[in-house]
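These notes concern the structure reproduced below.
Chain letters run A, B, ... following the sequence lines, proteins first and then strands; every chain starts at 1. Predicted model only: the values in this text are computed from it and were never measured.
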2 protein chains.
Amino acid sequence: MTSQDVILGILMKRSLSGYDIKHMFETIFSYFYNASFGTIYPTLSKMEKEGLLTKESVIQQGRPNKNVYSITEEGQKHFKAYMYSPIQTNEFKSDAMTRLFFGEFIEVEVIIEYLENGVTSTKEDLERLRKMYENGKSNSLMSQTQELCIQIGIENMESTLRTLMAGIERLSNLKVEEGQNESG
Amino acid sequence: MTSQDVILGILMKRSLSGYDIKHMFETIFSYFYNASFGTIYPTLSKMEKEGLLTKESVIQQGRPNKNVYSITEEGQKHFKAYMYSPIQTNEFKSDAMTRLFFGEFIEVEVIIEYLENGVTSTKEDLERLRKMYENGKSNSLMSQTQELCIQIGIENMESTLRTLMAGIERLSNLKVEEGQNESG
DNA sequence: ACAGGCATGTAATCGGTTACATGATTGT
DNA sequence: ACAATCATGTAACCGATTACATGCCTGT
């Protein structure tokens, strides 16, 4: 799975500009995919040259022109080929988890701070996801599988949140015990 | 967070070879970090040249020699600098989630197959993690924060599993309804 | 005879990010 | 006056993977 596959998938439903695609990465895709402009624009140009997409310049009033890309039949073939190819394992690298893992080498307070930041940002992400879910559901903008997708995201975040909060409690108790040992 | 940071962290407790480090990536780190030999070996050499590590060749009986690396004071400084640096957001890219998201463009059966494969592999991963957890706990091999870390992993996988299975059920019902419409 | 584990290493390549460059319009 | 949004694009760089090369020992 590369950005090309994902972009092709996005263009299956409607024609969009690179800027629009970036917006989708930052919203509904945010919890399982992402790509920067530095990837999106060159990928779109490349695919147009290869005949997977066609470009149309759209002149807008009060806004810069934009290049709207549409998927061709050849592009649809490529997308289908991706969808039937062997599935790749998830790529996951977590700085937060890594630091937690090595927590014994620094002060408990710092770890608690990590976890508290984790709680804050997870809560924000969760709120955003829930809003997207409610919004998409009430407007019937989501397919059945997209709904499932977002549910997995929400439930994973909820689970992470629970564990994070339990962790803070446990480490806080640990800190209190340490303090008692020092003074006692 | 780069592989260098993680390798330094691993070497904080004991001296290890590149092969040993790879083994750790494949077991306890597997659910939040990974790196290939093509990253590990060059990184170790580089760090030795920079004085962050020292190398000792260990001759073994009935096995090839190995290079055991130990962290220097300079290396410990670098590791601490990493631990106090601003935390990076998680990197997550999921092929499975992407395909689920685009599920409307292919047959429901294929999506169900994706999900079933997901269930199988998640169950295996979960089993492995639980064994590591029980093992580490009974041998007191884990620090408090490592325990927390593995708990997050286990609970996330459990949550994913639940949602995956609920998804299979929902999509199966959808399939049955489709079949009824066709025949009715 | 052969697979699998132990052990190290390199070269080619890839996919991607970051930072920069440009510039109009809208809202505060 | 200034920040934010809309909009596209490129060059330098980075971190990492894949595949290859090598070779011994153990168990089946």
Side-chain angles (χ1 to χ4, degrees), chain A residues 1-8 15-27 29-30 32-50 53 55-69 82 85-86 88-95 98, chain B residues 1-8 15-27 29-30 32-50 53 55-69 78 82 86 88-95 98:
Chain A
M1 174 199 47
T2 60
S3 293
Q4 168 162 333
D5 302 318
V6 185
I7 291 173
L8 283 174
S15 303
L16 293 168
S17 68
Y19 195 83
D20 296 332
I21 291 169
K22 175 66 179 162
H23 183 248
M24 287 189 75
F25 281 143
E26 277 167 357
T27 52
F29 281 89
S30 62
F32 63 90
Y33 203 84
N34 209 358
S36 64
F37 283 124
T39 299
I40 296 167
Y41 288 123
T43 303
L44 286 169
S45 307
K46 199 196 102 208
M47 286 198 279
E48 196 216 340
K49 273 176 208 142
E50 290 170 355
L53 307 176
K55 182 169 83 174
E56 197 200 347
S57 287
V58 175
I59 290 124
Q60 301 182 112
Q61 64 275 58
R63 282 182 183 184
N65 298 354
K66 62 176 175 179
N67 301 328
V68 175
Y69 290 89
Y82 155 67
S85 71
Q88 242 57 61
T89 57
N90 290 341
E91 288 165 43
F92 183 51
K93 290 195 177 176
S94 174
D95 193 14
T98 303
Chain B
M1 173 198 48
T2 59
S3 293
Q4 168 161 331
D5 301 318
V6 185
I7 292 173
L8 283 174
S15 304
L16 293 167
S17 68
Y19 196 83
D20 296 332
I21 291 170
K22 176 66 179 163
H23 183 249
M24 288 188 76
F25 280 142
E26 277 167 356
T27 53
F29 281 89
S30 62
F32 64 90
Y33 203 83
N34 208 358
S36 64
F37 282 125
T39 299
I40 296 167
Y41 288 124
T43 303
L44 286 169
S45 308
K46 198 196 102 205
M47 286 199 280
E48 197 216 341
K49 273 177 207 141
E50 289 170 355
L53 306 175
K55 181 169 84 175
E56 197 200 347
S57 287
V58 176
I59 290 123
Q60 300 183 112
Q61 64 275 57
R63 280 183 185 184
N65 297 354
K66 62 176 174 179
N67 301 329
V68 174
Y69 290 89
H78 275 242
Y82 155 67
Q88 242 57 62
T89 56
N90 290 341
E91 287 165 44
F92 183 52
K93 290 195 178 177
S94 174
D95 193 14
T98 302

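- Taking only side-chain atoms of B:Q60, from C-beta outward, the nucleotide of C:dT10, D:dG9, C:dA7 with the closest atom is C:dA7.
- Per the geometry, CD1 belonging to B:I59 stands 15 Å off C1' belonging to D:dC24, to the nearest Å.
- Take B:E50 and apply the salt bridge (Lys or Arg N to Asp or Glu O under 4.0 Å) test, not counting sequence neighbours, and it matches no residue.
- Rounded to a whole Å, the CD atom of B:Q88 is 13 Å from the P atom of C:dT17.
- Where DNA chain C pairs in unbroken runs of 3 or more (Watson-Crick or G-U, both distances under 3.5 Å), the stems are C:1-28 with D:1-28.
- Applying the salt bridge (Lys or Arg N to Asp or Glu O under 4.0 Å) rule to A:E56 yields no partners; only residues at least two apart in sequence or on another chain are considered.
- Contact annotation: the side chain of A:F25 approaches that of A:I40 to within less than 4.5 Å [non-hydrogen atoms, C-beta and beyond].
- In this view, A:D20 and A:S17 satisfy the side-chain hydrogen bond (donor to acceptor under 3.5 Å, both in side chains) rule, not counting sequence neighbours.
- The CD-C1' distance, from A:E26 to D:dC6, rounds to 13 Å in whole Å.
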Exercise. Could you run down nucleotides 14-19 of chain D 5' to 3' and tag each one B, S or - for protein heavy-atom contact under 4.0 Å?
Worked result: -SSBB-
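- The side-chain hydrogen bond (donor to acceptor under 3.5 Å, both in side chains) check on B:S3 picks up B:Y33, with sequence neighbours excluded.
- Summarising the geometry, atom CZ belonging to B:F37 is positioned 10.0 Å from atom CD1 belonging to B:I21; distances are rounded to the nearest 0.5 Å.
- The ring pair (Phe, Tyr, Trp, His ring centres under 6.0 Å) search around B:F32 returns A:F101, B:F29, not counting sequence neighbours.
- Legend: residues meeting side-chain hydrogen bond (donor to acceptor under 3.5 Å, both in side chains) with A:Q4, ordered by chain and number and at least two apart, are A:K46.
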For this session: Would you mind building the protein contact string for nucleotides 20-28 of chain C? One character per nucleotide, 5' to 3', B for base within reach (heavy atoms under 4.0 Å), S for sugar-phosphate only, - for untouched.
Result: ---B-S---
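- When the salt bridge (Lys or Arg N to Asp or Glu O under 4.0 Å) test is applied to B:K93, no partner is found at least two apart in sequence or on another chain.
- For B:Y41 and C:dA11, the OH to C1' distance is 17 Å, given to the nearest whole Å.
- A:S17 comes within 4.0 angstrom of sugar-phosphate atoms only, judged by non-hydrogen atoms across all strands, and of no base.
- Note: CD1 (A:I21) to P (D:dC6) measures 15 Å, nearest angstrom.
- Residue B:N65 has no polar side-chain atom (N or O) positioned under 4.0 Å from OP1 or OP2 of C:dC6.
- For residues 34-45 of chain A, no pair satisfies salt bridge (charged side-chain N to carboxylate O under 4.0 Å, His left out), with sequence neighbours left out.
- Here the C1' atom of nucleotide D:dA7 and the CG atom of A:D20 are 10 Å apart, to the nearest Å.
- Put simply, CZ on B:F25 is 17 Å from P on C:dA7, counting in whole angstrom units.
- A search for side-chain hydrogen bond (donor to acceptor under 3.5 Å, both in side chains) contacts involving A:D95 returns A:R99, B:Y82, not counting sequence neighbours.
- What separates CG of A:L16 from C1' of D:dA7 is a distance of 14 Å, to the nearest Å.
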